[in-house]
Amino acid sequence: MSDLHEMLAEHSFARTLFDRDVALLSELARVERYPADGVIFREDGPARDLLLLRRGRVAIEMHAPPRVVLLESLDAGATLGWSTFFAPYTWGSDIRAMEAVEALVVDGAELRPRLEKEPEFGLRFMRALLATVHQRLERSRLHRMDLYQP
Amino acid sequence: MTHDPFVPSSYPIVDKRRETHDTVTLVVEPETPIVFAPGQFNMLYALGRGEVPISISGDPAEPSRLVHTLRAVGHVTEGLAALEVGESLVLRGPFGSGWPLEEAKGHDVLVIAGGIGLAPLRSTVLHVLHHREDYGRLAILYGARTDRDLCFADDLQAWGGRFDVEVRVTVDQGSPGWRGRQGVVTAVIDKADFDPATALAMVCGPEVMMRHTARALRAVGVKDEQVYLTLERNMKCGVAQCGHCQLGGELICRDGPVYPYPRVAPLMRIREL
């Protein structure tokens, strides 16, 4: 088992994937490190990668001049970069490293045709992705409640 | 406990701390120590304004030092928050049930609080820290509206600096320059280190937050039976006589405010209650 395979298998995103799915993903994965305050994605930039955070914290931000609005922070264990799988394949917001970040980066552009070609793997992968989206959507709704208002 | 639960006692305030822009901590030192269980509350009386139930946020190992933390959100609590050192705090109690600290022995403890909800849990954290060997891992997950609304910031820093406590703080909206977590408190549950099969979760915050916390706990394998929460209603007498705090068949001042979640979950789903 390669280091990448092992690292992917440890990530919460892979919890429901088969070992052969993880092996396939590891063929398309690499480890990237980003310094604190470094921009990882920029809104409207080409969305090519899925990021599985291993260490550190990132900020999802939106630029509304003159403000930069912090929408949410994500810690190690989070998955981001869904825009890689949906048209128009560009980022919908900025992602910035709030502290030094290490991530497993899966080449989504290479992965997309594999999902089509191997539909059973594609289904399991999309279920894992949907679970992440579902969790984040629920959190966004709760956030909208403004829970602690006086 | 005062001799007659309806007769309040008056104590001079010996210390006052401003926790946030609208939240203060008041400290009194009764001549006769007032023993309380973490999670219990006192009825605090703002003269000429009224009474409100306020959880005891102090150290249960120091019954001669009674600590209350309250948020000024109404006529009575604004009156209480305006009290200064040397002025009298009038109170009666303690009332109600406490957190399940006996049941939690030998287990990991999850303390999950939102906003002022950390106040009723602070005494629990202090108890667990005093009896650290009796409990497993301790994780404190705390959410607030903004970083300016974080209560007990000094405590959180001190607890987070220990090797045997995990502290995760998150805010719904950070100020410019905020470098901590931003997001709802449910988002940090799956990052905490605990055994979902046996841990006990003690939760306090707005009811919608507590419902969703229980849901997020279920998603990581914590059963409802392992979840305890504290309810708040319009308490008046404190001794189950007046019925103001009735929720279904529960009189929260006596039967609560701390409940096993399954006991009150059906009531919390009834929209008219």
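Chain identifiers are assigned alphabetically (A, B, ...) following the order of the sequence lines, protein sequences preceding nucleic acid strands; residue numbering begins at 1 within each chain.
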Check this for me: does any side-chain nitrogen of one of B/Arg233 and B/Glu250 sit under 4.0 Å from a carboxylate oxygen of the other?
no

Can you confirm if the NZ or CZ of A/Arg114 lies within 45° of the ring axis of A/Phe125 and under 6.0 Å from the centre of its six-membered ring?
no

Counting only heavy atoms closer than 4.5 Å, note whether B/Ala144 contacts chain A via side chain, backbone, both or neither.
backbone

Are the charged groups of B/Arg179 and B/Asp147 less than 4.0 angstrom apart, N to O?
no

Among B/Gly115, B/Gly174, B/Gly117, who wins on heavy-atom pairs under 4.5 Å with chain A?
B/Gly115

Greatest number of non-hydrogen atom pairs under 4.5 angstrom with chain B, of A/Glu138, A/Glu99, A/Arg67, A/Arg136, falls to A/Glu138

The interface call for A/Arg57 against chain B, heavy-atom contacts under 4.5 Å, is side chain

So, are A/Arg20 and A/Glu118 salt-bridged, with charged N and O less than 4.0 Å apart?
no

For chain A, the option from B/Gly183, B/Pro206, B/Ala72 that forms the most heavy-atom pairs under 4.5 Å:
B/Pro206

Max heavy-atom pair count under 4.5 Å with chain A, selected residue of B/Gly74, B/Pro176, B/Gly180:
B/Gly180

Chain A heavy atoms under 4.5 Å from B/Asp149: which part of the residue, side chain, backbone, both or neither?
neither

Given heavy-atom pairs under 4.5 angstrom as the criterion, report whether the side chain, backbone, both or neither of A/Met98 touches chain B.
both

Where does A/Ala59 contact chain B at under 4.5 Å (heavy atoms): side chain, backbone, both or neither?
neither

By a 4.5 Å heavy-atom criterion (distance strictly below it), what part of A/Leu71 contacts chain B: side chain, backbone, both, or neither?
backbone

Of the non-hydrogen atoms in B/Met209 and B/Gly114, which two are nearest, and what is the gap between them?
CE-N, 3.7 Å

Check A/Asp21 with A/Arg124, please: is the shortest side-chain N to carboxylate O separation under 4.0 Å?
yes

Given B/Leu138, which of B/Val111, B/Asp164, B/Asp108, B/Thr124 fulfils the side chain to side chain contact (heavy atoms under 4.5 Å, CB included) condition?
B/Val111

